[in-house]
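The block underneath contains the structure these notes are about, expressed in structure tokens.
All values derive from a computational prediction rather than experimental measurement. The figures here come from the full heavy-atom set of this structure, side chains too, leaving out hydrogens, waters and symmetry mates. Indexing begins at 1, ligand by ligand and atom by atom, following the structure's order.
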Amino acid sequence: MIDEILPPWVASAEKFGDVPEETLFPEERPLIARAVDRRRREFVTGRHCARLALARIGVTPVPIPRGERGAPVWPAGTVGSITHCSGYRAAAVASADVARAVGIDAEPHEPLPDEVLSTIASPQEIAALRAMGDADGEVCWDRILFSAKESVYKVWFPLTGRWLDFTGAIVDIEPSGTFRARLLEADPAIATNTLPGRWVVSDGHIATSIALPRP
Ligand SMILES: CC(C)(COP(=O)(O)OP(=O)(O)OC[C@H]1O[C@@H](n2cnc3c(N)ncnc32)[C@H](O)[C@@H]1OP(=O)(O)O)[C@@H](O)C(=O)NCCC(=O)NCCS
């Protein structure tokens, strides 16, 4: 699923089940020492996917520590992103020679709880979601919006080192499988105010991605 929405210069790996905890590096084990079972499984398989994806760009398996505010610390010369949700885990990576940042996010293909939508979407975005729902009621457009914003953050944070609220970008979703995120906050590290992304719905899951090429 994730590969469908990534450019050829980004490598990815995904799993619909979990791998054993022994696949972790000893250095990574303390990161989940006190975690509940669900969190342990998603972390372990997320790291496994990350190493599979890195292998596809020629990087030998290494520990992937947790950095500032939870962002993975990728091996030197690479950028990437990890996501997991119930029944799905994925990672996407690229050489820093060709990519500035990659952000991916996966969600269950289910409507967002009402109280969540009003906190993550502007009135303008909610109106657009209504219109899309009228045109195609099979797709959970609100969940795509949420996922797209999380992909925005996964690109934004590694580049800027700063928090970005859900109100910090306006996302325009195209029914054809793309979206554009207009950043309402500027940062020299991003050097653009529009992030182009893609989305896909498959087998009960939604995935979104943003891949920023190096100019
Ligand atoms: C960080 C965040 C985006 C993660 O999304 P999520 O749907 O909760 O969870 P996902 O499974 O998709 O992603 C989790 C992975 O994201 C990565 N991640 C966590 N914090 C991160 C950060 N600051 N920057 C980049 N990646 C991060 C990690 O790899 C994590 O998995 P791991 O802990 O097993 O390594 C989310 O929890 C969050 O804080 N969102 C608020 C900020 C935001 O989205 N703003 C919208 C801007 S328009």
Leu164-ligand 1 polar pair, N/O distance under 3.5 Å:
yes
Is the shortest distance from a Lys or Arg side-chain nitrogen in Glu42 or Arg38 to a carboxylate oxygen in the other one below 4.0 Å?
-> yes
Between Glu28 and the options Arg40, Arg66, Arg51, the salt bridge (charged side-chain N to carboxylate O under 4.0 Å, His left out) test singles out Arg51
for atom 38 (C) of ligand 1, nearest protein heavy atom and its distance come out as Glu150 OE2, 3.9 Å
For atom 3 (C) of ligand 1, the closest protein heavy atom turns out to be Tyr153 CD2, 3.7 Å
Review point. Does atom CG of Asp136 have more than 12 heavy-atom neighbours from other groups under 6.0 Å away?
Key: yes
Exercise for the section: Run the salt-bridge test on Asp37 and Arg41 with the 4.0 Å N-O cut-off and return the result as yes or no. Expected result: yes
The protein heavy atom nearest to atom 27 (C) of ligand 1 is Ala71 CA, 3.7 Å
### Query
For ligand 1, is there an N or O atom under 3.5 Å from any N or O atom of Glu42?
no
Contact region, Arg162 to ligand 1, non-hydrogen atoms below 4.0 Å, reads neither
Please tell me if the side chains of Arg198 and Glu4 come closer than 4.5 Å, counting only heavy atoms from C-beta onward. no
Atom 18 (N) of ligand 1 has as its nearest protein heavy atom Gly70 O, 3.5 Å
Within the 4.0 Å heavy-atom cut-off, what Trp163 brings close to ligand 1 is side chain
heavy-atom search around atom 46 (C) of ligand 1 in the protein gives Lys149 O, 3.4 Å
**Study point:** Heavy-atom side-chain proximity of Val59 to Val93 below 4.5 angstrom
**Key:** no
message: Using a 3.5 Å cut-off on N or O atoms only, is Lys154 in polar contact with ligand 1?
response: yes
Considering only heavy atoms from C-beta outward, does the side chain of Leu164 approach that of Phe157 to under 4.5 Å? no
(Q) With respect to Asp165, determine whether any N or O atom, backbone or side chain, lies less than 3.5 Å from an N or O atom of ligand 1. (A) no
min-distance protein heavy atom vs atom 15 (C) of ligand 1 -> Ile82 O, 3.4 Å
- Query: How are the rings of Tyr88 and His205 set relative to one another: parallel (under 30°), tilted (30 to 60°) or perpendicular (over 60°)?
  - Reply: tilted
Of His84, Arg39, Arg66, the one whose closest heavy atom lies nearest atom 33 (O) of ligand 1 is Arg39
**Asked** Using a distance-only test with no angle check, is there a side-chain donor-acceptor pair under 3.5 angstrom linking Ser151 and Asp105?
**Response** no
Numbered in order shown, the ligand 1 atoms found under 4.0 Å of a heavy atom of Glu107 are 7 (O)
Pro72 heavy atom under 4.0 Å from ligand 1
yes
Near Arg47 (heavy-atom distance under 4.0 Å), the atoms of ligand 1 are 32 (P), 34 (O), 35 (O)
